[in-house]
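Both counts, for ligands and for their atoms, begin at 1 and track the order of listing.
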Amino acid sequence: MKGRVKVTIVGAGNVGASCAQRIAEKGYADVVLLDIIEGLPQGKALDIQQSANIIGFNSKITGTNNYETTAKSDVVIITSGVARKPGMSRDDLLITNQKIVSEVTRNIAKYSPNCVIIIATNPVDAMVYLALHESKFPRRRVLGLSGVLDGARLATFIAEELKVSVEDISPCVIGEHGKSMVVIPRLTTVKGTPITQLLPADKIAKLIDRTVNGGAEIVALLKTGSAFYAPSAALVEMAESVIKNKKRVLICAARVDGEYGIRDTVLGMPVKLSKNGIEQMVKLELTTEEKTALANSAKAVQELIQVMKLK
Ligand code: APR
């Protein structure tokens, strides 16, 4: 990437504005914040910009309602869409968010044909599939937020239980970012020791259950929207691996085409993220039981994909 890195964030709501703030404060990229509501992205951008003297960063933040301003972005984070209300599942958002993500993706692909797209909008696995379809980008350049967030939630609960630093926990949550997500305790470690050796099975089952319902727990508390602090932290970790060509191995929603015998769908998988996007999908050695759970997860996502009736 030449010159200043340019990151566009579509959607200036809770997740989008929080991403804009985090990236601005890192200082390594200029940020364009786009929304359909007039004044909202401009106001939030100006507010974040005015924190620069206090926080100490040199990123430029621009708010806009116009895709021309987003032209030639290196990374685009899509957060536009409706969020959950209490009692809703991520799947309930499908049709509304399909329309929004279709339109947004077409515009992004037109103005930034070489960017890497990172999607937050739910149901994220279906939205990644949709964005690949609409952008016609290669599979390496469209990914979504899933395992980094679900894993961070699991790590939080394990740290509380074991009274160890959350930083030393390496979680493994793959599959759908939804009810059928596959938490793998065998591959979730505290500096190399699997949690299966540190906690009884019934305790692990409770932690898994809380992780699967981690987003819903927050929706029930907030009542007016869904989580955004941890989601934005996860999105920025993913974006940073692309921006800085770090080659982090992060669990992201990515197109699966033959891996584990699963085809033509999107699932959370460990992927190596470099400046070109997904450089490689890292293969895990899964047990028969884990493979079955992953196949079920694939089925759940495929059902959503079918509902979208993409042509
Ligand atoms: N183009 C641009 N922005 C749009 C469009 C569109 N077509 N449609 C909606 N938006 C904007 C809204 O105006 C709003 O500002 O998207 C923003 C969404 O913000 P919030 O309602 O605060 O939702 P948020 O909590 O940020 O969640 C956004 O991310 O985590 C997921 O499930 C969540 O799908 C949801 C998305």
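In Leu145, neither the side chain nor the backbone holds a heavy atom less than 4.0 Å from any atom of ligand 1. Neither the backbone nor the side chain of Val124 has a heavy atom within less than 4.0 Å of ligand 1. At a heavy-atom distance under 4.0 Å, only side-chain atoms of Ile37, from C-beta outward, approach ligand 1. Contact annotation for Arg90 and ligand 1: no heavy atom of the residue comes within less than 4.0 Å of the ligand.
Every side chain to side chain contact (heavy atoms under 4.5 Å, CB included) that Asp209 has, sequence neighbours left out, goes to Asn213.
With respect to Asp74 and Lys6, no salt bridge is recorded, no charged nitrogen being found less than 4.0 Å from a carboxylate O. Ion pairing between Arg255 and Asp264 holds under the 4.0 Å rule for side-chain N and carboxylate O. No salt bridge links Asp92 with Arg90; every basic N to acidic carboxylate O contact stays at or beyond 4.0 Å. Salt bridge status for Glu240 with Lys26: present, with a side-chain N to carboxylate O gap under 4.0 Å. Under the 4.0 Å criterion applied to side-chain N and carboxylate O atoms, Glu103 and Lys110 are not assigned as salt-bridge partners. Salt-bridge check for Arg186 with Glu290: passed, with a basic side-chain N closer than 4.0 Å to an acidic carboxylate O.
Nearest to atom 27 (O) of ligand 1 among the protein's heavy atoms is Val15 CG2, 3.7 Å. In terms of protein heavy-atom proximity, atom 29 (O) of ligand 1 is closest to Ala120 O, 3.7 Å. When only non-hydrogen protein atoms are considered, atom 2 (C) of ligand 1 lies nearest to Ile36 N, 3.6 Å. Nearest non-hydrogen protein atom to atom 28 (C) of ligand 1 is Thr79 O, 2.9 Å. For atom 14 (C) of ligand 1, the nearest non-hydrogen atom of the protein is Asp35 OD2, 3.4 Å. When hydrogens are left out, the protein atom nearest atom 22 (O) of ligand 1 is Asn14 N, 2.9 Å; that is the closest non-hydrogen contact. Remark: minimum distance from atom 19 (O) of ligand 1 to any protein heavy atom is reached at Gly13 CA, 3.2 Å.
Considering backbone and side-chain atoms together, Ile100 places no N or O closer than 3.5 Å to any N or O of ligand 1. The shortest N or O to N or O distance between Tyr67 and ligand 1 is not under 3.5 Å. Residue Arg84 has no N or O atom closer than 3.5 Å to an N or O atom of ligand 1. Where the criterion is an N or O separation shorter than 3.5 Å, residue side chain and backbone included, Asn122 meets it with respect to ligand 1.
Between Leu294 and Ile262, some side-chain heavy-atom pair lies under the 4.5 Å cut-off.
If you check each of Gly16, Ser80, Pro231 against atom 4 (C) of ligand 1, the one with the closest non-hydrogen atom is Ser80. Of all the listed residues (Leu93, Val82, Leu235), Val82 holds the heavy atom that lies closest to atom 34 (O) of ligand 1. Evaluated by nearest non-hydrogen atom to atom 18 (C) of ligand 1, the leading choice among Ala17, Gly215, Gly11, Gly81 is Gly81.
For the pair Lys206 and Phe157, the cation-pi criterion (under 6.0 Å, within 45° of the ring axis) is not fulfilled.
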Output side-chain donor-acceptor pairs under 3.5 Å for residues 301-311, partner residues at least two apart or in another chain, one line each.
from: Gln302; atom 1: NE2; to: Arg263; atom 2: O; distance (Å): 3.1

